2 protein chains.
Amino acid sequence: MFNSDFDLEGHFEERESIFTVLSPEELKELEKARQVIRCRRNEIIYKEGDTPTGMVYLHEGKVKIYKEGVGGREQIIRMVKSRGLVGFRSLLAGENHISSAVALEESIVHCIPEDFLFNTLLKNNNFSLRLLQNLAQELGFSNKRTISLTQKHIRGRLAESLLLLRDKYGFENDNATLKVYLSREDIANLSNMTTSNAIRTLSTFSNEKVIAIDGRKIRLLDVEALEKISMLG
Amino acid sequence: MFNSDFDLEGHFEERESIFTVLSPEELKELEKARQVIRCRRNEIIYKEGDTPTGMVYLHEGKVKIYKEGVGGREQIIRMVKSRGLVGFRSLLAGENHISSAVALEESIVHCIPEDFLFNTLLKNNNFSLRLLQNLAQELGFSNKRTISLTQKHIRGRLAESLLLLRDKYGFENDNATLKVYLSREDIANLSNMTTSNAIRTLSTFSNEKVIAIDGRKIRLLDVEALEKISMLG
DNA sequence: TAACTTTGATGCTATATAACATAAACAGAG
DNA sequence: CTCTGTTTATGTTATATAGCATCAAAGTTA
């Protein structure tokens, strides 16, 4: 096993939300207990250091989860898509939030009270198992990511990020344009590099015809090449 | 919250094993089901890519868990102490191992069959909750670590690793000597740097009277200074 | 429309750290 | 004990990438 790369095929896919394992009664309770919140673009959902008020579920939209590092430099540690979980780790660990969550576009999140969560965990073992699986996969992702972000070179890190965005959000109808529109700064923060270097390297990829850029629209022209670049670091 | 550092006080402490939440009958079953294995120094417990055969519990000893990165360079992602879990993530995620585990000294591990694990998870909700908490804390650790390893400079990374080793394994009776004896290479692999740089930086710390080194014996002379170095990156 | 702010693009310089080389100290095998 | 391989130590060089500066383009607000 030399390939330390991501299992690019839907590794942490989750077409269905974690709540599909709930019974009809539990779902009813959930609907009563949850609080539906609409978030605007760039709105903060929670911040590093906050005490979690409940579990946060992203019903619709896109969210970035990041941590502030040395000198306030932010590192995006996870991207969330519709039907995904945003804030759940800290609650389960019994800690305050260690990261911040911000909506990347108009989003709808559900805030699920702590009580409901723990009651359901105690009642419904399948729910517990499902959450365990989710966390375990997330931990695997984080471990793999640590290696990539520390050991790969700029080109490899950027290529990996682009593939990661494809896996997470997929393509537009043309089957090539990433279905997510990030600023160069966000791309840099996702890939552990400065904004200048993200811009520069995207340009290089574009010159090499590996991708095509049009503002924030990124089309993956040669996925195989990207995978190669990502692999070789 | 500017301090993105570790909660140095027993963040992922676990004096008691996760099995304390089992009932007397479950414990009996566990004793029947588990396989006790003695590992010698440097013995491989499992390797990246292996299919997990069960949950691995470290009864006694010290274990490093690492992943191979670009060009075979290894990154230690976790250190395990007595009564800790070694292999559990992959089983819960339903994946193959994404990391390897090696005994750092003579160790005794218990291999707990998959059946027992999942049966107990379905029967005993407190066990599930406990495991959820464990995983959630581990994920938090991994996220924090990603930031440290990517953003801190060599001195900061090494200082953090030394503090991490103290938190995990504690001191000898002199209340200063780390109770773990790693090669410079392991220290480097833990801190995301080359062996030369680990050696060089340890020397520097020694010259600065922050630590004292005598072969693999490392005494922390000025913990406050180390914390400062770790903090400032 | 104009003034202003943010984002994107590109070049240049500085620097942290990897990579390499050499040698001493140490450990294990015969 | 001697031989041989590994670990530790230290100096030198090369390089990837951060940091900074400048400018153009695109959005935003007045």
Side-chain angles (χ1 to χ4, degrees), chain A residues 40-42 64 69-75 102 104-105 147-162 178 180-208 211-218 229 232-233, chain B residues 40-42 64 69-75 102 104-105 147-161 180-208 211-218 229 232-233:
Chain A
R40 283 186 312 276
R41 203 169 114 86
N42 293 327
K64 68 170 170 182
V70 182
R73 209 174 122 204
E74 83 179 44
Q75 173 67 48
V102 165
L104 290 168
E105 55 181 50
I147 311 295
S148 296
L149 292 179
T150 52
Q151 297 195 358
K152 286 185 184 176
H153 285 181
I154 278 208
R155 286 169 60 86
R157 298 206 298 273
L158 184 64
E160 183 177 297
S161 289
L162 294 175
L178 288 179
V180 58
Y181 300 85
L182 298 176
S183 68
R184 300 292 193 265
E185 193 182 357
D186 275 340
I187 293 176
N189 292 340
L190 179 62
S191 316
N192 181 36
M193 61 186 67
T194 55
T195 308
S196 327
N197 276 329
I199 291 169
R200 213 187 304 270
T201 312
L202 280 172
S203 296
T204 314
F205 283 177
S206 173
N207 287 334
E208 293 169 356
I211 64 171
I213 37 183
D214 171 19
R216 296 192 175 187
K217 225 166 90 177
I218 298 176
I229 296 170
L232 299 179
Chain B
R40 286 186 309 274
R41 202 168 115 88
N42 293 327
K64 69 171 170 181
V70 181
R73 210 175 121 203
E74 82 179 44
Q75 173 66 47
V102 165
L104 289 168
E105 55 181 49
I147 313 294
S148 296
L149 292 179
T150 53
Q151 297 195 358
K152 287 184 182 177
H153 286 178
I154 278 208
R155 286 168 60 86
R157 298 206 299 275
L158 184 64
E160 183 178 296
S161 289
V180 58
Y181 299 85
L182 299 176
S183 67
R184 301 292 193 266
E185 193 182 359
D186 276 339
I187 294 176
N189 292 341
L190 179 63
S191 317
N192 182 35
M193 62 185 64
T194 55
T195 308
S196 328
N197 275 329
I199 292 169
R200 214 188 302 273
T201 312
L202 280 171
S203 295
T204 314
F205 283 177
S206 172
N207 287 333
E208 292 169 355
I211 63 171
I213 38 183
D214 171 19
R216 296 193 174 185
K217 227 166 90 177
I218 298 176
I229 296 170
L232 300 179

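Quantities reported herein were computed from a predicted structural model and do not represent experimental measurements. Just so we're on the same page: letters track the sequence lines, and every chain starts at 1.
Residues A:Glu185 and A:Thr195 come closest through the heavy atom pair CG-OG1, 3.7 Å. When all heavy atoms of B:Arg216 and B:Leu182 are compared, the pair lying nearest together is CD-O, 3.5 Å. The shortest non-hydrogen separation linking A:Leu158 to A:Ser191 is CD1-OG, 4.0 Å.
Across all strands shown, B:Arg157 has heavy atoms under 4.0 Å from sugar-phosphate atoms exclusively, and none from any base. Contact annotation for A:Ile154: backbone-only contact, meaning every heavy-atom pair under 4.0 Å involves sugar-phosphate atoms and none involves a base. At a threshold of 4.0 angstrom between heavy atoms, the contacts of B:Ser203 are confined to the sugar-phosphate backbone, with no base atom among them. B:Arg73 comes within 4.0 angstrom of no nucleic acid atom, judged by non-hydrogen atoms across all strands.
Between B:Ile199 atom CD1 and C:dC20 atom C1' the separation is 14 Å, expressed in whole Å. As a whole-Å value, the separation of A:Phe205 CZ from C:dA9 P is 14 Å. One can place CG of B:Asn42 at 12 Å from C1' of D:dT6, the figure rounded to the nearest angstrom. One interatomic measurement links the two molecules: CZ of B:Arg216 to P of D:dT7, which rounds to 7 Å at whole-angstrom precision. Regarding A:Tyr181, its OH atom lies at a distance of 18 Å from the C1' atom of D:dA26, rounded to whole Å. Rounded to a whole Å, the CG atom of A:Asp214 is 15 Å from the C1' atom of C:dT7. Atom CG in A:Asn189 sits about 14 Å away from atom C1' in D:dA18, given to the nearest Å. In this entry the distance linking CD1 of B:Ile218 with C1' of D:dT8 reads 12 Å, nearest Å.
Contact between the side-chain N/O atoms of B:Arg184 and the OP1/OP2 oxygens of D:dA9 is found at a separation under 4.0 Å.
Relative to the side chain of B:Glu185, the nucleotides D:dT12, D:dT7, C:dT10 differ in distance, and D:dT7 lies closest. Distance from the side chain of B:Asn197 is smallest for C:dA18 among the nucleotides D:dT17, C:dA18, C:dG11. You'll find that the side chain of A:His153 is closest to D:dT17, out of C:dT17, D:dT17, D:dT10. Here D:dA18 is the nucleotide among C:dC12, D:dA18, D:dT7 with the atom lying nearest to any side-chain atom of A:Met193. Closest to the side chain of A:Ser183, from the set D:dT8, C:dA18, C:dG8, is C:dG8.
In terms of polar N and O atoms assigned as donor or acceptor, the side chain of A:Arg200 comes within less than 3.5 Å of the base of C:dG11 in a complementary pairing.
Put simply, the side chain of B:Gln151 gets close to the backbone of A:Val70: a donor and an acceptor are under 3.5 Å apart.
Among A:Ile211, A:Leu190, A:Ile229, the single residue meeting the side chain to side chain contact (heavy atoms under 4.5 Å, CB included) criterion with A:Leu162 is A:Ile211.
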